[in-house]
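This report refers to the structure that appears directly beneath it.
Not measured: the values here are computed from a predicted model. Just so we're on the same page: letters track the sequence lines, and every chain starts at 1. Computed from heavy atoms alone, side chains included, the values below leave out hydrogens, waters and symmetry copies.
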Amino acid sequence: MQRLIWVIGAIAALAAVTVLNSMPAPEAASTGAARAQHSLVLTGSSTVAPLAGEIAKRYESAHPGTRIDVHGGGSGRGIADARQGLAHLGMVSRDLKAGEGDLTAYPLARDGIGIIVHAANPIANLSKAQLIAIYTGEFGNWQALGGRDAPITVVHKAEGRSTLELFLAYTGLKNSETRPRVVIGDNEQGIKSVAANPNAIGYVSIGTAEYDIAHGAPIRLVALDGVAASSEHVRDGSYPLARTLNLVSAAPLRGLARDFVEFARAEQTRDLILAQYFVPLAQ
Amino acid sequence: MISSSPSILSPSRSDALLRATLRGCAAVAGLILVFIFLFLLSAAWPVLREAGPWRFVTDAAWHPAEGLYQLLPMVAGTLYCAAGALLLAVPLGVLSAVFLRFYAPRPLAVVYRRLVELLAGIPSVVYGFWGLVVLVPLIAAWQAPGTSLLAGVWVLALMILPTVALTADAALGAVPRDTLRAAAALGLGRWSTVWRIALPAARAGVLAGVVLAAGRALGETMAVLMVTGNVVAVPDSVFAPLRTLAANIALEMAYAMDLHRAALFVSGLVLAGLVAGLMLLAARLSGESAHASA
């Protein structure tokens, strides 16, 4: 009996740890600058990294013998590494700032997040101030916004997600100031949570929301400050809750780096951009 | 001349080989556990060194991006969820096993047992999805928005019910026939036989099933993540949201960096600690019950 208990214990401990190991882990950083001609190092934004990784995979299979290493670390690291030459290209999930004129940005795609409510919710437009009031718990009822008399279920993203980062940057809130009622992980879970609750409000990548609405999910994208939330408005820059995903470089592009950037920005990566729920730049 | 030497005092070469192999296997199994623990510890080390272990119980909240690492609400959430699920699943599971062994007609018992086995094989994400689209709106009609401790307990109870029922069934099946016949010879009724004779005799096996179920309840991730709301707070009612340690890891690990990532490994360590503590407790309990029945 005692022995059986220990065996069970070992199995349970293993199960607990499987949870950890099944999560994709950001790879350990390797920042050797001196690489052979046929290899390229990209570091930076964890939003851009999965897309860059997919593009790199396709590039490598189209150009045998090349090797492209993509590492995370955040947009800040992308800028710093591109400047210091630790990486050939930096990945930055925002527009370059005024003090970053020494770098050249090569836009890959646009990323926008849409505010979603249940299809039965009559609210069609929200201002930034209203959005902030909802997420800080100041408005607890849809009546305060001209909706029906029902409590607002605030659906929020878990810490570390890039959609959360963009949402916080736009609203100017700190995560500790928000008062969510439901915290979710990926976009699909967010859409399911809102679709299952007529009083819920949430935010997800616009690409995901458009896809699910087209496939019959009972949700609606709410206009923000009078601008309809659509891939179109994310692309032309009129929708406020959006950003550009860039590759940046300090020196003029040469050789493999130039070839890769051209490849990444060409029509052939459009499906990869859509697969990550980003918005391609060209129509 | 005797070619084989069956003497116990001088074991043959094949015995020695077998012994070495078995020792090797046992060592590998043990080492894996040790390595997992060391891996967890090394991955958690940066934040344990930088912030120290006390921050995980004294900080104001869990906001790892802002350097706040309070884990206790999630420990409480994990324990509440698992305890609630056990509270529902253990009586149900044990009673259904009793029904199977002592009351159900044979054909029904066979079908019922297959059904329970089928229930045990459903992947957890299916339970989670069912919970999100069926159970949560049901609870929401009663007390909005539905993602709550209650939903988590309910889904978990369904998931561990087959484990409890099947192990209790096996344990009751292992009670010696003679014991049951002796009970019948003494004129005991069916219920008295079950309650006074069969269940006490099967106690160790039933307990093993409960421990197995508790381990699963503590570590279950996807199903719980989809129905409990995942807000980091100690639930003050069954309708309040909560986040479990396993859900915390699954929600945040994919994009976590540096100290945030290390802090998630600390929640993994705490979870492993909880499970290990449970096992120790169960080992003691079963030891006592073995003495009591001896």
Side-chain angles (χ1 to χ4, degrees), chain A residues 1-26 46-47 50 72-74 77 150-165 168 174-176 179-186 189 192-193 195-200, chain B residues 29 32-33 36-37 39-40 43 60-66 68 129 132-133 136-137 140 144-147 204 208 211-212 215-216 218-219 221 225-226 229-232 241 243 246 249-257 260-261 264-265 268 271-272 275-276 278-280 282-283 286-287 290:
Chain A
M1 187 60 221
Q2 195 92 347
R3 210 164 280 173
L4 176 65
I5 294 279
W6 282 111
V7 171
I8 292 169
I11 293 169
L14 273 173
V17 170
T18 329
V19 177
L20 289 165
N21 287 344
S22 60
M23 299 297 140
S46 55
T47 310
R77 181 175 165 198
I152 302 177
T153 303
V154 175
V155 180
H156 195 46
K157 285 258 180 171
E159 198 124 2
R161 302 266 163 182
S162 62
T163 22
L164 170 77
E165 205 178 285
L168 293 179
K174 277 201 292 184
N175 201 25
S176 48
R179 295 284 171 270
R181 183 58 180 72
V182 178
V183 176
I184 47 118
D186 58 19
Q189 201 195 347
K192 288 195 182 90
S193 297
N197 184 340
N199 301 319
Chain B
I32 287 174
L33 204 60
I36 287 172
F37 182 74
F39 165 74
L40 275 176
W62 169 265
H63 287 294
E66 295 168 28
L68 298 172
F129 189 60
L132 186 61
V133 298
V136 167
T147 44
V211 170
L212 199 62
R216 182 162 189 204
L218 285 175
T221 313
L225 185 153
M226 290 170 91
N230 302 313
V231 175
V232 184
R243 186 186 294 188
I249 298 167
L251 273 174
E252 301 190 357
M253 185 58 93
Y255 299 93
M257 306 270 188
H260 182 189
R261 187 171 139 79
L264 291 177
F265 277 98
L271 182 59
V275 175
L278 174 83
M279 295 306 151
L280 284 175
S286 79

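Distance alone, capped at 3.5 Å, places no donor-acceptor pair between the B:Thr147 side chain and the B:Pro145 backbone. In this structure, the side chain of B:Glu252 does not engage the main chain of A:Ala158 through any donor-acceptor pair within 3.5 Å.
Of the listed residues B:Val232, B:Leu225, B:Val136, the one with more heavy-atom pairs under 4.5 angstrom with chain A than any other is B:Leu225. Between chain B and the options A:Ala196, A:Ala200, A:Ser176, the largest number of non-hydrogen pairs under 4.5 Å is found for A:Ser176.
A:Leu164 contributes atom CG, which lies 6.5 Å from atom CD of A:Glu159 (distance to the nearest 0.5 angstrom).
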### Message
Determine whether B:Asn230 and B:Leu251 satisfy the following criterion, side-chain contact (heavy atoms from CB on, under 4.5 Å), listing intermediate values before the conclusion.
### Response
CA-CA 9 Å; B:Asn230 302 313; B:Leu251 273 174; 3.6 Å; yes

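Taking both residues in full, the closest heavy atoms of B:Leu40 and B:Ala272 are given as CD1-CB, 4.3 Å, listed atom of the first, atom of the second, then distance.
Neither the backbone nor the side chain of B:Ala140 comes within contact range of chain A, judged by heavy atoms closer than 4.5 Å. Using a 4.5 Å cut-off between heavy atoms, B:His260 touches chain A through its side chain atoms alone. Heavy atoms of A:Lys157 lying under 4.5 Å from chain B are absent altogether. The contact between A:Asn175 and chain B is made by backbone and side chain atoms together, counting heavy-atom distances below 4.5 Å. Only the side chain of A:Thr153 comes within contact range of chain B, judged by heavy atoms closer than 4.5 Å. With a 4.5 angstrom heavy-atom cutoff, B:Val231 touches chain A via backbone and side-chain atoms both. With a 4.5 angstrom heavy-atom cutoff, B:Phe37 does not touch chain A via any of its atoms.
Considering only residues two or more places apart in sequence or on other chains, A:Ser193 meets the side chain to side chain donor-acceptor pair (under 3.5 Å) condition with none of them. Among residues two or more places apart in sequence or in another chain, the salt bridge (charged side-chain N to carboxylate O under 4.0 Å, His left out) test is passed with A:Arg181 by none.
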